[in-house]
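Quick note: numbers below take in every heavy atom, side chains included, and nothing from hydrogens, waters or symmetry partners. A note on names: the letters A, B, ... follow the listed sequences, proteins ahead of strands, and every chain is numbered from 1.
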Amino acid sequence: MDSPRIDDFEDMFDNAPCGYVTLLPNGRIARVNRTLIGWTGHTADQMIGKPFSGFLNMAGRIYYETHIAPLLRMQGFFDGFAIDMVTAAGEHLQMIASATDGRDAGGKTLFTRVALIKAVDRRLYERGLLEARDTAAMGLARERENSELREQFIAVLGHDLRNPLASISAGARILGRDATTEKQHQILAMLETTVMRMAGLIDNVLDFARGRLGGGIVLERSAGKPLEPMLHQVIDELRLSSPGRQIETVYAIDAPVNCDRSRIGQLVSNLVGNALSHGATNEPVRVHAVTEDGLFKLSVANGGEPIPEAAMEKLFEPFFRAEVRASRQGLGLGLHIASQIAKAHEGSLNVTSTAEETRFTFVMPLR
Amino acid sequence: MVFAHGFGCDQNMWRFVEPAFAGDFKTVLFDHVGAGGSDLTAYDKSKYATLAGYAEDVVEIGRELGLTDAVFVGHSVSSMIGALAVQKAPGMFGKLVMVGPSARYIDDDNYVGGFSEQQIEELLQFLDSNHMGWSAQMAPAIMGNPDRPELGEELTNSFCRTDPEIAKAFARVTFKSDNRADLAKIDTPTLILQCSEDIIASKEVGEFVHRGIPGSELIILEATGHCPNLSAPDEVISAMRTFV
């Protein structure tokens, strides 16, 4: 057998690293190279004179008729399309092909040359990518639907929990008018405290659900009204619900604060509630509110064990809960909602924690 | 004379035929929603889940242009879209030309359409392997400039450019359609042009359509393949000229 020669064009056509077919204008095969014959297992006699599309799988035939042939007529070439040939053994051979028309001076098609590259692995890989994409898209859609339902459920539940709570509160107040013994007063105070804590939890849950549903925290700002009475009210309620604990307050609010007062009340309630739960019970919780340098600054500090380094990062994330006495365990939404309220006011909520004290500081522009 | 393209490419499918009639007729070319320069945002999954949705569009175009007694020329699946349109709007079309029609592509008891259900499913999968002239990067440029079609024209393979998801849906509607029962209802003079060798719509399928449409005329072209409007425009033009 002769060795192949570098300038032997016949050999280059026949033994190229790709398959070649030349088609007549009617789509029938005029020439086919040895490489393609080897790949497909058909003989040259079986292929020449037959329609090229007859050697494709059915999807390929339809594609050939609806896309490849029309594009060749209109554009004269078609680069890099996927096509499957069927071998003599009936197996599919995945390929990538390019085709070019040979035309006369008048633009009439004389023949079409097609080059085919075996691309089994590449096509399999693409198929895999497409399947992965479809699976991911389906999974994502399902997840979205689930989480939306879940959050809607939370929102509805939170809303419905408020009504029975209001009747408990009203009932306790009516009973309070006729209470005579010390014991009765204690139980009623405890009821009020529990109702307040639960109302706070519901508020947080609702805000959280609303935030996740895309509504965000909506503010009703009122710069004209004083903030201090709101702070007094919140702190008084907290004092009532935590007998034996000391809450020290220092207020120096000299300028109007353009804020949503009930939201700030919620923020303070969440921060102080947090300090009461986690701080040392024998040290006071210190609340300091001041207006200075065009800013409203409010800090809540407590003594006790510092917050572990690892917990610091996750402190403002929803459902984060540190180790705490079971009786005071909440949902872990308090600090998250507080930070959302801060954000809604274009402010910030930061924390520092040392052996001496743990301090949350809320800062917002007065405007 | 209204020209409607089939599944695959766009109104350019008529580029060698339409000019021959532009002198004697007011010619109308359009892209089905999802193809060519159409407004992709107008695509409505449920409307276009049947060929009737496409036929509605044809009627809408006809109403807008005030067409009466016009000629509807449909290629491939648009033949059946035309068949539905002539029934929806009596008087709008006086003549119907079907190029490579099939009343049903999938084989059925005693009916040979040429394809099995599974082969059509394979096609839908295969279409994913060939997103011609379309990629996620290009989509915004195409969709964001409906008023500047020349942006699209410059792109390779733009004649057959379709949104891949819409193309798949159109393929599904096309190849799963069954319009055998509609044929007898066509009372518009109809010319059927079928190629002598077409794997998508065979001679037998053309004869079935011919038998089904009362008084229709069938011409078997010498042309082969599924797109004689591109591969043998002269033969198509002369057959049509005699009819219209």
Completion exercise
Whatever's closer than 4.5 Å to a heavy atom in chain A on B:S231 counts as both
Handout entry: Proximal to chain B - members of residues 85-122 of chain A, heavy-atom separation under 4.5 Å
Key = none
Practice task
Starting at CG of A:L71, measure out to SG of B:C227 and round the result to the nearest 0.5 Å.
Solution key: 10.0 Å
Exercise for the section: Side chain from CB out, backbone as N, CA, C, O: work out which of these in B:L124 comes under 4.5 Å of a heavy atom of chain A, or both, or neither. Expected result: neither
Handout entry: Sub-4.5 Å side-chain heavy-atom contact between B:I199 and A:Y64
Key = no
Exercise for the section: Inspect the surroundings of CD in B:E222 and state if more than 12 heavy atoms from other residues, nucleotides or ligands are less than 6.0 Å away. Expected result: no
Exercise for the section: Check the surroundings of atom NZ in B:K176: do more than 12 heavy atoms from other residues, nucleotides or ligands lie under 6.0 Å from it? Expected result: yes
Handout entry: Heavy atoms of other groups near B:K47 NZ, more than 12 under 6.0 Å
Key = yes
Practice task
Select all residues of residues 20-56 of chain A having any heavy atom within less than 4.5 Å of some heavy atom of chain B, and report them by number, or 'none'.
Solution key: A:N26, A:R28, A:P51
Completion exercise
Whatever's closer than 4.5 Å to a heavy atom in chain A on B:Q125 counts as both
Practice task
Could I get the full list of ring-ring contact (aromatic ring centres under 6.0 Å, His included) partners for B:F30, not counting sequence neighbours?
Solution key: B:H32
Handout entry: Heavy-atom neighbours of B:N110 CG exceed 12 at 6.0 Å
Key = no
Completion exercise
Interatomic distance, CD@A:Q75 vs CG@B:N12, rounded to 0.5 Å, equals 10.5 Å
Completion exercise
The complete set of ring-ring contact (aromatic ring centres under 6.0 Å, His included) pairs with one or both residues in residues 218-237 of chain B, sequence neighbours excluded, reads B:H75-B:H226
Exercise for the section: Give the member of B:N229, B:I200, B:I120, B:L123 that has the highest number of heavy-atom pairs under 4.5 Å with chain A. Expected result: B:L123
Handout entry: Within 6.0 angstrom of A:F153 CZ, more than 12 heavy atoms from elsewhere
Key = no
Practice task
Measure the spacing between OG of B:S76 and CD of A:E65 and express it to the nearest 0.5 Å.
Solution key: 10.0 Å
Fill in the blank from the handout: Turns out that what part of B:L230 lies under 4.5 Å from chain A's heavy atoms comes down to both
Handout entry: Euclidean distance, A:R123 CZ relative to B:F126 CZ, rounded to 0.5 Å
Key = 5.5 Å
Problem - Smallest separation among heavy atoms of A:R73 and B:F16, with atom names - result: O-CZ, 4.2 Å
Problem - Side chain proximity check, A:M58 to B:Q118, heavy atoms < 4.5 angstrom - result: no
